[in-house]
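Structure record follows, encoded as structure tokens.
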Amino acid sequence: MAAALMDGELGSVLKVSAAVWVAMWYARMAAARISPGAGRLAALLPAVVLFFGIPFAFSTTTFRGSSAFFLSWLGTFKLFLLAAGRGPLDPSLPLLQFVCSASLPVKLRQSTTTGGKAKKQDPASTPAAKILVAGAVIPFIIYAYQFKEAMSRWQLILMYTVHVYLSLELLLASVHAVIHGVLGMEMEPQVDRPYLASSLRDFWGRRWNLMVPAILRPSVYGPVRARFGDAAGVLASFLVSGLMHELIFYYLMWMPPSGDVTAFFVLHGVSAGAEAWWVRHAGWWRPPRAVAVPLTLAFVGGTGFWLFFPAMIRGGMDELVLQECQGLVVLMEQAGRWFAAGAGPVLSTR
């Protein structure tokens with residue numbers, strides 16, 4: 001059953017990939033021929049509709065969630081920016097780079113190491129190290145899920161938090177490896193040590209899932225800020241982020257949104273606005289970094305345990321992910337037995 005499920009998903013991946021290539025070829029051609037504005041937006045709407053419909057092509061939460069994040073959220077916002085004549089998409093890009101920029105959570109840039117010394121990188125922060133660490137720890141988390149009935153609610157949510165963080169690290173590091181290998185280009189960092197965040201703006205704007213603020217700044221924050229001020233721009237960005245997370249949760253669990261995830265992000269938007277208001281007053285007390293970091297992490301973690309992760313548990317997403325992980329383990333065991341059976345005769349002839 002697990003093998004049949006994954007075979008079906010691989011078929012869906014091939015079909016979706018073909019559809020994305022065709023849609024992006026069309027979007028690139030339309031953008032090259034139509035000036036930014038309402039006309040270009042109307043021409044790009046079929047690609048937008050396709051991106052919102054693609055998660056329905058998959059039967060597993062892994063592929064539904066990934067396609068919802070890559071395409072239904074980031075991809076559609078990139079198309080809206082393209083309609084307005086703004087990056088990161090540009091019809092002058094080669095088709096391969098245009099498709100990758102539109103359909104993957106990456107921001108491509110030319111490597112700057114040519115003709116100079118390469119910038120030293122912490123070995124622990126390299127994509128290979130992240131893949132190794134996440135790939136080693138996640139199986140233990142999956143194994144621990146079978147004892148979830150004996151865990152307290154907070155222990156379980158803490159395990160989900162670590163699982164989500166490591167899964168994101170694994171996913172983005174894998175994408176980085178593919179992009180670097182295929183295009184010979186670098187990917188902008190996606191996560192920058194969020195455990196060192198000293199404020200909410202530092203956490204959400206400069207450390208966590210950086211492709212999201214990179215898209216929200218030009219598409220939501222900038223236009224709203226220009227008309228209504230900084231606080232309104234921040235709140236609107238967090239509101240839109242909450243609504244898009246609700247959409248992703250719907251794709252994952254096929255359940256109508258509860259509003260808790262939106263409340264989580266609106267709360268953080270209000271708090272980030274209050275934080276900025278406090279900072280603007282010169283001479284007012286500010287906590288030292290040694291205090292600000294744990295306070296920031298406590299607020300993010302505490303509100304996440306209160307509003308964000310319980311929405312996942314109520315929707316049964318933990319059970320869905322566990323079943324799929326167990327199915328993947330069975331599939332890997334079957335592949336290992338098949339490989340061993342096939343390699344046996346070959347080795348015996350030597």
Side-chain angles (χ1 to χ4, degrees), residues 65-66 69-70 73-74 88 104-109 111-113 117-141 157-180 185-217 221 234 237-238 241 245 264-265 267-269 271-273 275-276 278-279 286-309:
S66 299
F69 177 58
F70 294 178
W73 183 358
L74 300 184
L104 294 174
V106 294
K107 184 177 181 181
L108 298 171
R109 58 188 172 124
S111 176
T112 58
T113 60
K117 293 183 179 180
K119 183 180 179 180
K120 292 184 178 180
Q121 187 176 16
D122 182 3
S125 66
T126 62
K130 292 179 180 180
I131 292 173
L132 182 62
V133 172
V137 176
I138 288 177
F140 287 99
I141 296 177
I157 291 178
L158 179 60
M159 189 164 65
Y160 289 155
T161 304
V162 176
H163 192 177
V164 169
Y165 175 76
L166 290 177
S167 296
L168 183 61
E169 285 274 79
L170 178 61
L171 176 64
L172 295 177
S174 300
V175 170
H176 180 283
V178 172
I179 289 298
H180 186 275
M185 302 180 74
E186 298 296 329
M187 189 177 76
E188 295 288 348
Q190 296 297 300
V191 179
D192 183 14
R193 298 167 296 175
Y195 46 82
L196 296 181
S198 58
S199 67
L200 291 178
R201 286 205 172 198
D202 185 29
F203 180 87
W204 292 113
R206 293 182 287 273
R207 294 192 179 273
W208 179 253
N209 205 3
L210 299 179
M211 193 59 189
V212 170
I215 287 295
L216 290 178
R217 285 190 192 103
Y221 172 76
V234 170
S237 299
F238 276 93
S241 181
H245 276 83
F264 169 81
F265 282 99
L267 173 61
H268 277 253
S271 301
E275 180 183 82
W278 184 276
V279 169
R286 291 167 176 74
R289 184 174 182 82
V291 175
V293 170
L295 282 177
T296 301
L297 298 182
F299 184 81
V300 173
T303 54
F305 286 177
W306 172 34
L307 293 170
F308 190 90
F309 288 101

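As the structure is a prediction and not an experimental result, all values here were calculated from the model.
- Side chain of Ser271 to main chain of Leu267: a donor-acceptor pair is present (N/O by atom type, distance under 3.5 Å, no hydrogens or angles).
- When side chains are defined from C-beta on, Leu104 counts as touching Phe70, because their heavy atoms get closer than 4.5 Å.
- Contact annotation: the side chain of Pro194 never approaches that of Asn209 to less than 4.5 Å [non-hydrogen atoms, C-beta and beyond].
- Side-chain contact check for Arg206 versus Asp192: every heavy-atom pair is 4.5 Å or farther apart.
- Smallest separation of non-hydrogen atoms from Gly205 and Leu210: O-CD2, 4.0 Å.
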>> Assess the residue pair Phe264 and Trp306 against the criterion (side chain to side chain contact (heavy atoms under 4.5 Å, CB included)); give the C-alpha distance rounded to whole Å, side-chain angles, the decisive distance to 0.1 Å, and a yes or no.
In response: CA-CA 9 Å; Phe264 169 81; Trp306 172 34; over 6 Å; no

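- Considering all non-hydrogen atoms of both residues, Arg286 and Trp278 come closest at NH2-O, 3.9 Å.
- One finds the OG atom of Ser237 at 12.5 Å from the CH2 atom of Trp204 (value rounded to the nearest 0.5 Å).
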Verdict with reasoning, Asp202 to Leu196, per side chain to side chain contact (heavy atoms under 4.5 Å, CB included) = CA-CA 9 Å; Asp202 185 29; Leu196 296 181; over 6 Å; no

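- By the 30° and 60° cut-offs, the orientation of the rings of Phe308 relative to His245 is perpendicular.
- To the nearest 0.5 angstrom, Arg207 atom CZ is 13.0 Å from Leu200 atom CG.
- Within the 4.5 Å cutoff, the side chain of Arg201 has heavy atoms near those of the Val234 side chain.
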Report all side-chain donor-acceptor pairs from residues 294-303 shorter than 3.5 Å, counting only partners two or more places apart or in another chain.
| unit_1 | atom_1 | unit_2 | atom_2 | d |
| --- | --- | --- | --- | --- |
| Thr296 | OG1 | Ser198 | O | 3.3 |
| Thr296 | OG1 | Ser199 | N | 3.3 |
| Thr296 | OG1 | Ala292 | O | 2.8 |
| Thr303 | OG1 | His268 | NE2 | 2.8 |
| Thr303 | OG1 | Phe299 | O | 2.7 |
| Thr303 | OG1 | Val300 | O | 3.2 |

